[in-house]
S.K.: 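Next up is a structure, given as structure tokens.
None of the values given here were measured: they were computed from a predicted structure. The basis for the numbers below is simple: all heavy atoms, side chains too, and nothing from hydrogens, waters or symmetry mates.
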Amino acid sequence: MKRYLDAMRRLDPCLRTGQVTRVTTLGLEADGPDAHVAEVCTVESRDGTRRERAEVVSVQQGRVLLMPYGRPQGLGVGSRVVATGETPMISVGPDMLGRVVDAFGTPLDEGPALAGGRRMPLHPQPINPLARAPIDARLPTGVRALDGLLPLGIGQRMGIFAGSGVGKSSLLGMLARGVSADVNVVALIGERGREVQEFVKHGLDAATRARTVVVAATSDQPAVVRSRAAYAATAIAEAFRDRKADVFMLMDSVTRFAMARREIDLAAGQPPTARGYTPSVFTDIPALCERCGALADGGSITAVYTVLVEGDDHNEPIADALRATLDGHIVLTRDLAHAGHFPAIDVLQSVSRLEAALLGDRERHLQGRLRALLATHTRHREMVDMGLYKAGANAALDEALAKWSQIERFLCQGLQERTAPDETTQRLAAALNEGMS
């Protein structure tokens, strides 16, 4: 009965309607109804043969702008718009584990219908900063370059910054399989349909898939659906976190979420600013990322977001905003990828802002030694490659060259290879020819 009583309480006793006055490629303009931003409405064609749900994205005097969740074909001037009184929500239950769903929580796989569960708002109130727990426990990933040099903490938010085709999705698959979390939530935003299928079938093994929820919104779907998928994935993670679970969330990519928000905001009349992005994008990104973290009374969301840097420009606006928002960044470079170095992590350009709290004294020493050798090798690499360096002229460079092959073996890792934290520390010490104390 509770389910029906809740539905009755949400019922709007007044029918609020309007009519479509203009149809564009980005949305519908109507003279009503009296609705609020983010409210869900139903748009009915004049002959009654087509009905489509749409979300209010802008409200002005005598003008309501809506973006349909589906294709606007069949809808035109005169179509009736009916406000439902609903705000964006998604039902989350334990039977979601192991499933692939869309932005509305509807299964995309061939499994049975979901029974439903707790209704979670897509836009909840922000977390009180004082309700957060300190991030002081490591979350092993199984990736040596991360666990040894760029540690990830429970509740931390990290970004993977890279151009296209340098191994972001492969690294995400390694993380999904390697991290020992209670629940994985994977959001595939604006991906090609082929990539969604490949990630589900080849990126996740059977054991990982059983504790994973995949939320997918492909690139051919409307911007409002792609944007909703990012919020839906975060709401699903929050539902499991509220059950005191440690959740590991992967979002590929937050850049395509920003592109979807830009498309929506431009349709709503916001002015373009840096590279065409609207001002709201730079408030939407922190609001989305701040929903992750660890809570003082139990439960956490550790998040890794991929950031697609346009034209390999790591200073483009979205990458710059994410670096300021997240708790660290992992940079993948094309030069390393082309050299067959996987994962193509540029350690010198990457940083975990919580490494001081997550690494012990011995681990920090080893990390500092390796970074120093990498910096020395990088600084003099051109001179060495051209044969202009004479051995013995620089003791630090001689050491870096002598240990270079061991360092590369430590940093490179097979796609299916997983290394335990203790073994990672041992292998790092061996690469530097330093015994464990």
S.K.: Decide yes or no for P124 and E238: does some side-chain heavy atom of the first lie under 4.5 Å from some side-chain heavy atom of the second?
M.R.: yes

S.K.: List the steps and the verdict of side-chain contact (heavy atoms from CB on, under 4.5 Å) for T234 and L288.
M.R.: CA-CA 8 Å; T234 307; L288 180 70; 3.5 Å; yes

S.K.: Would you tell me whether T425 and D422 have side-chain atoms, one donor and one acceptor, within less than 3.5 Å of each other?
M.R.: no

S.K.: To the nearest 0.5 angstrom, please state how far the NE2 atom of H338 sits from the NE2 atom of H341.
M.R.: 14.5 Å

S.K.: Show the nearest heavy-atom pair for residues A223 and A260, with the distance to one decimal.
M.R.: O-CB, 3.5 Å

S.K.: Looking at the rings of Y305 and F257, which for Trp means the six-membered one, are their centres under 6.0 Å apart?
M.R.: no

S.K.: If we only count heavy atoms from C-beta on, is the I189 to M251 side-chain gap below 4.5 Å?
M.R.: yes

S.K.: Would D47 and S45 count as having a side-chain donor-acceptor pair, cut-off 3.5 Å?
M.R.: yes

S.K.: Under the 3.5 angstrom rule, does the side chain of Q367 hit a backbone N or O of L149 as a donor-acceptor pair?
M.R.: yes

S.K.: State whether the side chain of S58 and the backbone N or O of L65 hold a donor-acceptor pair below 3.5 Å, judged by distance alone.
M.R.: no

S.K.: Please determine whether side-chain hydrogen bond (donor to acceptor under 3.5 Å, both in side chains) holds for the pair D252 and T306, giving the CA-CA distance in whole Å, both sets of side-chain angles, and the decisive distance to 0.1 Å.
M.R.: CA-CA 5 Å; D252 187 15; T306 66; 2.6 Å; yes

S.K.: Return the minimal non-hydrogen interatomic distance between N315 and D320, and the atom names on each side.
M.R.: O-CB, 4.3 Å

S.K.: Is any side-chain heavy atom of S350 less than 4.5 Å from a side-chain heavy atom of L332?
M.R.: no

S.K.: Roughly how far, to the nearest 0.5 Å, is the CD atom of E55 from the CE atom of M67?
M.R.: 9.5 Å

S.K.: Looking at H123 and Q125, would you say the former's side chain and the latter's main chain have a donor-acceptor pair under 3.5 Å?
M.R.: no

S.K.: Within this structure, what is the CG-CG distance for the pair L374 and L370, rounded to the nearest 0.5 Å?
M.R.: 4.5 Å

S.K.: Should the pair D284-R261 be classified as a salt bridge under the 4.0 Å nitrogen-to-oxygen rule?
M.R.: yes

S.K.: Of the non-hydrogen atoms in A103 and V225, which two are nearest, and what is the gap between them?
M.R.: CB-O, 3.7 Å

S.K.: Are side-chain heavy atoms of R334 and S164 found at a separation under 4.5 Å?
M.R.: yes

S.K.: Search all heavy atoms of G27 against all heavy atoms of P68 and return the closest pair with its distance.
M.R.: CA-CD, 4.3 Å

S.K.: Measure the spacing between CG of D242 and CG of L295 and express it to the nearest 0.5 Å.
M.R.: 7.0 Å

S.K.: Restricting to salt bridge (Lys or Arg N to Asp or Glu O under 4.0 Å), what partner residues turn up for D102, sequence neighbours left out?
M.R.: none

S.K.: Answer yes or no: is there a donor N or O on one side and an acceptor on the other, between the side chain of T42 and the main chain of R53, under 3.5 Å?
M.R.: no

S.K.: Listed by chain and number, what are the ring-ring contact (aromatic ring centres under 6.0 Å, His included) partners of F104, not counting sequence neighbours?
M.R.: Y69

S.K.: Can you check whether V281 reaches I318 side chain to side chain, under 4.5 Å on heavy atoms?
M.R.: yes

S.K.: Between R144 and T419, do the side chains contain an N or O donor and an N or O acceptor separated by less than 3.5 Å?
M.R.: yes

S.K.: Do you know the tightest heavy-atom contact between A235 and P121?
M.R.: CB-O, 3.8 Å

S.K.: For the pair R16 and E39, evaluate salt bridge (Lys or Arg N to Asp or Glu O under 4.0 Å) and give the outcome as yes or no after the intermediate values.
M.R.: CA-CA 12 Å; R16 294 171 289 136; E39 184 171 355; 2.7 Å; yes

S.K.: Compare all side-chain heavy atoms of R256 with those of L308 and state whether any distance is below 4.5 angstrom.
M.R.: yes

S.K.: Distance check, rounded to the nearest 0.5 Å: Q426 atom CD versus F410 atom CZ?
M.R.: 11.5 Å

S.K.: Give, for atom CD of E263 and atom OG1 of T278, the distance between the pair rounded to the nearest 0.5 Å.
M.R.: 11.0 Å

S.K.: Looking only at the side chains, is there a donor atom on one of N184 and R177 sitting less than 3.5 Å from an acceptor on the other?
M.R.: no

S.K.: Ignoring hydrogens and angles, state whether a donor on the side chain of S352 or Q156 is under 3.5 Å from an acceptor on the partner side chain.
M.R.: yes

S.K.: Atom CZ of residue position R46 - does it have more than 12 heavy atoms of other residues, nucleotides or ligands inside 6.0 Å?
M.R.: no

S.K.: Any idea which heavy atoms bring L114 and P107 closest together, and the distance?
M.R.: CG-CG, 3.8 Å

S.K.: Are the side chains of E52 and L75 in touch, meaning some heavy atoms are under 4.5 Å apart?
M.R.: yes

S.K.: Among V347, I345, V351, D346, exactly one meets side chain to side chain contact (heavy atoms under 4.5 Å, CB included) together with Q349. Which residue is that?
M.R.: D346

S.K.: If only atom types and distance count, is the side chain of Q413 paired as donor or acceptor with the main-chain N or O of E417 below 3.5 Å?
M.R.: yes

S.K.: So does S79 get a backbone contact from the side chain of Q19, meaning a donor-acceptor N/O pair under 3.5 Å?
M.R.: no

S.K.: Has D182 got a side-chain atom pairing as donor or acceptor with V247's backbone, closer than 3.5 angstrom?
M.R.: no

S.K.: Among L152, T141, V185, which residue meets the side chain to side chain contact (heavy atoms under 4.5 Å, CB included) test with F248?
M.R.: L152

S.K.: Taking atom types as modelled and ignoring hydrogens, do the side chains of S280 and Q270 form a donor-acceptor contact shorter than 3.5 angstrom?
M.R.: yes

S.K.: Enumerate the side chain to side chain donor-acceptor pair (under 3.5 Å) contacts for residues 126-135, please, sequence neighbours excluded, ordered by first and then second residue.
M.R.: R132-E290

S.K.: Answer yes or no: is there a donor N or O on one side and an acceptor on the other, between the side chain of R138 and the main chain of G153, under 3.5 Å?
M.R.: no

S.K.: Just do the side-chain contact (heavy atoms from CB on, under 4.5 Å) check on V304 and I330 with the steps written out, would you?
M.R.: CA-CA 10 Å; V304 174; I330 302 163; 5.6 Å; no

S.K.: Evaluate salt bridge (Lys or Arg N to Asp or Glu O under 4.0 Å) for R364 paired with E355, printing each intermediate quantity in order.
M.R.: CA-CA 8 Å; R364 281 199 299 273; E355 63 185 37; over 6 Å; no

S.K.: Just by distance, do the side chain of R157 and the backbone of T325 share a donor-acceptor pair under 3.5 Å?
M.R.: yes

S.K.: If you measure only the distance, is there a donor-acceptor pair under 3.5 Å linking the side chains of T424 and D147?
M.R.: no

S.K.: For F240, does the six-membered ring have the charged nitrogen or CZ of R243 within the cation-pi criterion, i.e. under 6.0 angstrom from the centroid and within 45° of the normal?
M.R.: yes

S.K.: Does R118 reach the main-chain N or O of V92 with its side chain, forming a donor-acceptor pair under 3.5 Å?
M.R.: no

S.K.: Do other residues, nucleotides or ligands put more than 12 heavy atoms under 6.0 Å from R275 CZ?
M.R.: yes

S.K.: Apply side-chain contact (heavy atoms from CB on, under 4.5 Å) to the pair L188 and E195, showing each step before the final yes or no.
M.R.: CA-CA 9 Å; L188 302 176; E195 292 176 326; over 6 Å; no

S.K.: Which is it for I90 and L122 under the side-chain contact (heavy atoms from CB on, under 4.5 Å) test, yes or no, and what are the steps along the way?
M.R.: CA-CA 7 Å; I90 188 167; L122 266 58; 3.8 Å; yes

S.K.: Under a 3.5 Å cutoff, is there a donor and acceptor pairing between the side chains of S300 and D246?
M.R.: yes

S.K.: Would a 4.5 Å heavy-atom cut-off, applied to side chains only, mark M89 and M120 as touching?
M.R.: no

S.K.: Should the heavy atoms of other residues, nucleotides or ligands under 6.0 Å from CZ of R51 be counted, would the total exceed 12?
M.R.: no

